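Written out below as structure tokens is the structure these notes cover.
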2 protein chains.
Amino acid sequence: MPGLSNTALPLYEKVKDFVLDNIGNGNWPQNEKLPSEHELTSSLGVSRMTVHRALRELTAEGYLRRVQGVGTFVSPPKAQSTLIEISNIITEIKARGSQHRAEVILLERIERPDKMLLDAFEFKKLCPVDHSMVVHYENGVPVQLEERYVNTELVKNYLDQDFTSIGTYDYLQHSTPLTEVEHLISAIPATERHARLLHIRERDSCLVLHRKTWTGQTIATVNTFTYVGSRYSLGSRYLPPKK
Amino acid sequence: MPGLSNTALPLYEKVKDFVLDNIGNGNWPQNEKLPSEHELTSSLGVSRMTVHRALRELTAEGYLRRVQGVGTFVSPPKAQSTLIEISNIITEIKARGSQHRAEVILLERIERPDKMLLDAFEFKKLCPVDHSMVVHYENGVPVQLEERYVNTELVKNYLDQDFTSIGTYDYLQHSTPLTEVEHLISAIPATERHARLLHIRERDSCLVLHRKTWTGQTIATVNTFTYVGSRYSLGSRYLPPKK
DNA sequence: TGTCTATAGTTGTCTATACATCTATAGACA
DNA sequence: TGTCTATAGATGTATAGACAACTATAGACA
């Protein structure tokens with residue numbers, strides 16, 4: 001066995017590299033049992049704590065699986081390479097070098113939310129809810145209809161903001177720490193209202209992203225983002241943390 | 001200062017909880033400098049290595065920022081984690097307790113791919129490509145049309161598999177280590193073929209997930225998954241590692 | 001044969017200690 | 001006043017040793 005590289009890295013990093021190399025070149029195939037910490041300690045000439053740290057970190061990173069009393073095993077390749085990151089529309093438009101414009105369609109307080117809305121927030125009693133509807137344009141073409149319902153208990157002054165200059169996202173992120181997020185993506189045919197606001201025809205396909213956010217145990221916001229199917233794709237390119 | 005909880009947790013976990021509590025209740029606000037490892041060591045009555053491990057892990061989790069020679073600081077709240085995980089359809093259907101069935105529509109080798117396909121693979125020369133089309137049923141109702149094009153240089157024996165019993169995903173994952181994945185989600189109206197295979201009407205909305213995978217610098221597979229918009233949502237609920 | 005038990009082997013945690021490395025700063029010096 | 005330097009104090013790494021907790025199994029025993 002070749003042993004550790006002689007770069008300037010800390011020892012535990014060299015041990016991690018050593019293990020990753022053995023996995024990468026097929027020396028230790030999937031589900032293979034690694035040498036025990038004790039064996040690695042003597043064969044690599046480092047202390048057990050150092051080996052232990054390396055293996056523990058690789059376990060946290062998903063490369064290994066450890067069972068107390070049994071041993072350390074090579075994990076099957078991560079299914080984690082199937083993550084899609086949702087970024088906010090304004091950042092995204094600007095990142096493409098396009099010009100962004102937002103049009104506020106509606107900004108209101110709903111004092112008496114209907115049953116559907118109360119259920120969405122899992123409210124027991126009648127609570128007011130702030131409501132915004134904004135259309136985002138990329139180079140003058142409507143791309144996204146953003147509809148947000150906001151818990152007025154948790155988010156203050158939501159209605160006083162100028163969402164043509166500040167992103168709703170930016171305001172919410174700074175005003176409310178969120179503890180949990182739920183996403184749902186689906187496809188729907190455009191309603192008459194979608195068609196009017198997004199300049200498409202009724203029944204054209206739209207991509208809908210539902211997002212619910214929590215602060216503590218309480219639902220903070222309920223959001224629906226509707227994208228024009230033919231003009232927009234959610235996307236991501238993911239590079240696994242190879243080494 | 002109250003000190004550590006007296007639960008059955010390991011000490012370093014208690015130290016982590018202690019720090020998180022102090023951050024959570026505003027005791028240590030954003031960018032506050034924490035007591036030094038030495039101070040925590042004496043005030044909490046644990047060894048420095050234990051304090052160090054707790055702080056190191058909290059740093060990896062994004063709660064703290066450490067600067068050698070200077071100190072440890074409370075990090076600003078994490079950027080909103082907006083990741084969506086794509087799991088494979090068979091796992092998903094079974095996880096819902098539904099019955100899964102796969103119907104292989106087509107399984108063929110394309111000896112002379114057309115220009116669109118060659119471009120998708122970024123092939124310079126003419127290479128054969130394997131092609132599969134499978135419809136996945138949940139409790140007898142079609143949910144997903146799975147279409148895959150596979151690089152025959154990288155994936156062997158693709159056509160010999162029985163994809164009614166093995167998931168295409170499972171076979172590919174075991175046969176080819178993948179180094180990079182690209183996803184694109186969009187919404188399209190159903191074509192006549194979609195309508196026929198998925199038992200919907202033409203122009204009904206479908207959710208389309210494009211996935212391209214790389215092995216090294218080479219494109220290994222090009223995939224299109226078409227979901228019935230009204231029957232399916234991609235989703236995820238993400239729980240930040242709070243505590 | 002079947003069941004229980006002691007044990008060897010493995011990982012998990014914790015401590016005490018040492019030295020390395022980096023940063024800010026007080027104080028010497030020009 | 002300005003610059004350099006030694007130093008205190010902070011985090012980073014590494015070791016040796018001890019004990020705890022868990023698992024599989026060989027071997028004793030009924």
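What you are looking at is a predicted structure, and each value in this text was computed from that prediction instead of being measured. Labels below follow one simple rule: chain letters A, B, ... track the order of the sequence lines, proteins then strands, and each chain is numbered from 1.
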For this session: Output all residues satisfying ring pair (Phe, Tyr, Trp, His ring centres under 6.0 Å) with B/Phe73, sequence neighbours left out; order by chain, then residue number.
Result: none
Seminar exercise, completed: Those residues at least two apart in sequence (or on a different chain) that pass salt bridge (charged side-chain N to carboxylate O under 4.0 Å, His left out) with A/Lys14 are none
For this session: Would you sort out whether A/Thr221 and A/Arg148 count as a side chain to side chain donor-acceptor pair (under 3.5 Å), showing the intermediate values?
Result: CA-CA 7 Å; A/Thr221 69; A/Arg148 295 185 190 262; 5.2 Å; no
Exercise. Listed by chain and number, what are the ring pair (Phe, Tyr, Trp, His ring centres under 6.0 Å) partners of B/Tyr149, not counting sequence neighbours?
Worked result: B/His131
Exercise. Can the ring centres of B/His183 and B/His210 be said to be less than 6.0 Å apart?
Worked result: no
For this session: Please report, rounded to the nearest Å, how far the P atom of D/dA14 is from the CZ atom of B/Arg53.
Result: 16 Å
Exercise. Under the salt bridge (charged side-chain N to carboxylate O under 4.0 Å, His left out) test, which residues partner B/Arg48, sequence neighbours left out?
Worked result: B/Glu37
For this session: Quick one: list whatever passes side chain to side chain contact (heavy atoms under 4.5 Å, CB included) with B/Val74, sequence neighbours left out.
Result: B/Ile23, B/Trp28, B/Glu32, B/Leu34
Exercise. Taking any atom under 4.0 angstrom from a heavy atom of chain A, which nucleotides of DNA chain C are the first and last to qualify, 5' to 3'?
Worked result: C/dG9 to C/dC14
Exercise. Under a 4.0 Å heavy-atom cut-off, which of residues 64-72 of chain A touch DNA chain C?
Worked result: A/Arg66, A/Val67, A/Gln68, A/Gly69, A/Val70, A/Gly71, A/Thr72
Exercise. So which one's nearest nucleotide on DNA chain D is more toward 5', A/Gly45 or A/Arg48?
Worked result: A/Gly45
Exercise. Could you state the CG-C1' distance from B/Leu55 to D/dA10, rounded to the nearest angstrom?
Worked result: 12 Å
Problem set entry | Which residues share a side-chain hydrogen bond (donor to acceptor under 3.5 Å, both in side chains) with B/Asp130, sequence neighbours left out | B/Arg109
Problem set entry | Runs of at least three Watson-Crick or G-U pairs with DNA chain D, cut-off 3.5 Å | C:1-30 with D:1-30
Exercise. Can you tell me how far P of D/dA14 sits from CE of B/Met49, to the nearest Å?
Worked result: 10 Å
For this session: Under the side-chain hydrogen bond (donor to acceptor under 3.5 Å, both in side chains) rule, collect the residues that match up with B/Glu57, sequence neighbours excluded.
Result: B/Lys16, B/Arg53
Exercise. Between atom NE2 in A/His52 and atom P in D/dA18, what is the gap in whole Å?
Worked result: 18 Å
For this session: Only counting residues at least two apart or in another chain, list the ones meeting side-chain hydrogen bond (donor to acceptor under 3.5 Å, both in side chains) with A/Ser42.
Result: none
Seminar exercise, completed: Residues passing the ring pair (Phe, Tyr, Trp, His ring centres under 6.0 Å) test with B/Tyr12, sequence neighbours excluded, are none
Exercise. Roughly, in whole Å, what's the span from CD in A/Glu37 to P in D/dT15?
Worked result: 14 Å
Exercise. Quick one: A/Lys14 NZ to D/dA14 C1', roughly how many Å, whole number?
Worked result: 12 Å
Problem set entry | Nucleotide D/dT11, atom P - distance to CZ of B/Arg56 in whole Å | 13 Å
